[in-house]
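To start, the structure under review is shown below, and the notes come after it.
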Amino acid sequence: MARRPVTLVHTSDLHLGANVTNPNLSVLARVISLARESQADAILLAGDIFDNNRIPQLLIDDAVTMLAESSARPVILPGNHDCLLEGGVYERGDFAGAGVTVLGATNGEVAALHDLGLTVWGRPHRDHKDLLPLKDVPDFDPANWRVNMAHGHWVKTPADERRAYRIFEEDLDSQSADYVALGHWDVFTEVRTSRPAYYSGSPLYARSVNLVHLVEGGEPRVARLPID
């Protein structure tokens, strides 16, 4: 049976709460607004949505409320800044009650969103130690669109070998996903168009989000959607 078309908004690295006087909730609001305007089915938030695990409870609650009111399904992958520490943001906020999927917290590493015909996998950062975000990706339901999420550093040169959270070419080669949503870099980067893998960049610096269209029988379409 043919899979229904799916539209996704992909962003990362909002770092909510990095600036005490300007926590960037207006940027989150604009991301949610763009998802509504583009009739997106889901918002992929690929790590470091919050700047740290010590941000005020009110900011967490406000962000959860905004995400709960989104017309698109929010799916969050915890990054190295907002990792899944005990007492961290994803434990302190009622994400599950708001219908927000947090990989590793409200769900396991695989979230099957069958009503959207979409399965999302991601390896969350559980502490501040190094990890390989796209190593040994599990198989899952081929009847759904497959999206893999990863928060890490693409290894392009030998110098990149010294970085943490490395994503190697062989990791990308092994992907059978329809789209790989990457986070950790502040700028939009097209990693590859076949088996498409993209960094959205931070909306604070890239001034855009990625708009992804998955349509049966056609190539995935990825475009940058500007943030005003």
Side-chain angles (χ1 to χ4, degrees), residues 1-12 28 31-47 49 63-79 82 84 89-91 93-126 133-151 171-172 174-183 194-198 200 209-223 225:
M1 186 172 67
R3 295 171 293 184
R4 54 157 284 190
V6 169
T7 299
L8 309 169
V9 163
H10 162 210
T11 191
S12 72
L28 177 60
V31 169
I32 292 170
S33 176
L34 286 171
R36 182 180 64 252
E37 292 167 12
S38 59
Q39 298 183 313
D41 297 288
I43 303 174
L44 308 175
L45 298 141
I49 306 312
V64 169
T65 297
M66 294 169 67
L67 290 166
E69 294 173 351
S70 171
S71 60
R73 185 81 58 83
V75 181
I76 298 176
L77 175 70
D82 55 358
L84 293 178
V89 291
Y90 297 113
E91 187 175 288
D94 186 17
F95 291 88
V100 178
T101 298
V102 180
L103 297 174
T106 65
N107 292 70
E109 293 186 351
V110 177
L113 310 178
H114 292 301
D115 57 320
L116 301 181
L118 176 67
T119 301
V120 183
W121 171 87
R123 180 168 294 129
H125 289 247
R126 297 184 181 276
L134 273 182
K135 196 73 173 176
D136 301 324
V137 176
D139 291 328
F140 44 86
D141 187 359
N144 285 352
W145 294 106
R146 294 183 51 159
V147 170
N148 291 340
M149 298 177 71
H151 188 87
D171 299 330
L172 293 164
S174 69
Q175 301 299 299
S176 57
D178 298 290
Y179 182 73
V180 180
L182 300 173
S194 61
R195 297 181 178 178
Y198 287 78
S200 62
V209 299
N210 289 1
L211 184 64
V212 184
H213 296 286
L214 303 177
V215 181
E216 194 73 83
E219 292 295 320
R221 303 197 314 272
V222 182
L225 196 59

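Nothing here was measured: the structure is a model prediction, and the numbers come from that model.
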(request) Enter the distance from L34:CG to T11:OG1 here, rounded to the nearest 0.5 Å. (result) 9.5 Å
(message) According to side chain to side chain donor-acceptor pair (under 3.5 Å), who are the partners of R221, at least two apart in sequence or on a separate chain?
(response) none
(message) For K135, is there any backbone N or O sitting under 3.5 Å from a side-chain donor or acceptor partner on D171?
(response) no
(message) Going by the rule ring pair (Phe, Tyr, Trp, His ring centres under 6.0 Å), which residues pair with H10 if we only count those two or more places apart in sequence or in a different chain?
(response) Y179
(message) Once rounded to the nearest 0.5 Å, what's the spacing between atom CE of M66 and atom OG of S33?
(response) 10.0 Å
Under 3.5 Å, which donor-acceptor pairs link side chains of residues 95-107 to any protein atom two or more places apart or in another chain?
| unit_1 | atom_1 | unit_2 | atom_2 | d |
| --- | --- | --- | --- | --- |
| T106 | OG1 | V102 | N | 2.7 |
| T106 | OG1 | V102 | O | 3.3 |

(message) How close do D178 and N144 get, counting heavy atoms only, and between which atoms?
(response) OD2-O, 4.5 Å
(message) Can you give me the closest heavy-atom contact between A35 and A72, atom names plus distance?
(response) CB-CB, 4.1 Å
(request) Kindly compute the distance separating CZ (R73) from CG (L113), expressed to the nearest 0.5 Å. (result) 5.0 Å
(message) Which heavy atom of S12 sits nearest to which heavy atom of G183, and what is that distance?
(response) OG-CA, 3.6 Å
(request) Please name the pair of heavy atoms, one in R146 and one in P138, separated by the smallest distance, quoted to 0.1 Å. (result) NH2-O, 3.5 Å
(request) Answer yes or no: is there a donor N or O on one side and an acceptor on the other, between the side chain of H151 and the main chain of A46, under 3.5 Å? (result) yes
(request) Please examine the side chains of L45 and L67, heavy atoms only from C-beta on, and report whether any two atoms are closer than 4.5 Å. (result) yes
(request) Indicate yes or no: at least one non-hydrogen side-chain atom of L134 is less than 4.5 angstrom from one of Q175. (result) yes
(request) Identify the two heavy atoms, one from M149 and one from V75, that lie closest to each other, and give their separation to 0.1 Å. (result) CE-O, 3.9 Å
(message) By the definition side-chain contact (heavy atoms from CB on, under 4.5 Å), identify the one residue from L211, I43, L118 that meets it with L8.
(response) L118
(request) Spell out, as yes or no, whether a donor-acceptor pair under 3.5 Å connects the side chain of E216 to the backbone of R3. (result) yes
(message) On a heavy-atom basis, which atom in A181 and which in L44 lie closest, and how many Å separate them?
(response) CB-CD1, 4.0 Å
(message) For the CG atom of L28 and the CD1 atom of I49, what is their distance to the nearest 0.5 Å?
(response) 8.5 Å
(message) Quick one, E109 and P124 - any side-chain contact, counting heavy atoms below 4.5 Å?
(response) yes
(request) Output the distance between atom CG (D115) and atom CZ (R4), rounded to the nearest 0.5 Å. (result) 8.0 Å
(message) Heavy-atom count check: over 12 atoms from other residues, nucleotides or ligands less than 6.0 Å from E219 CD?
(response) no
(message) Applying side-chain contact (heavy atoms from CB on, under 4.5 Å) to Y90 and I76, what does each step give before you reach the verdict?
(response) CA-CA 10 Å; Y90 297 113; I76 298 176; 3.3 Å; yes
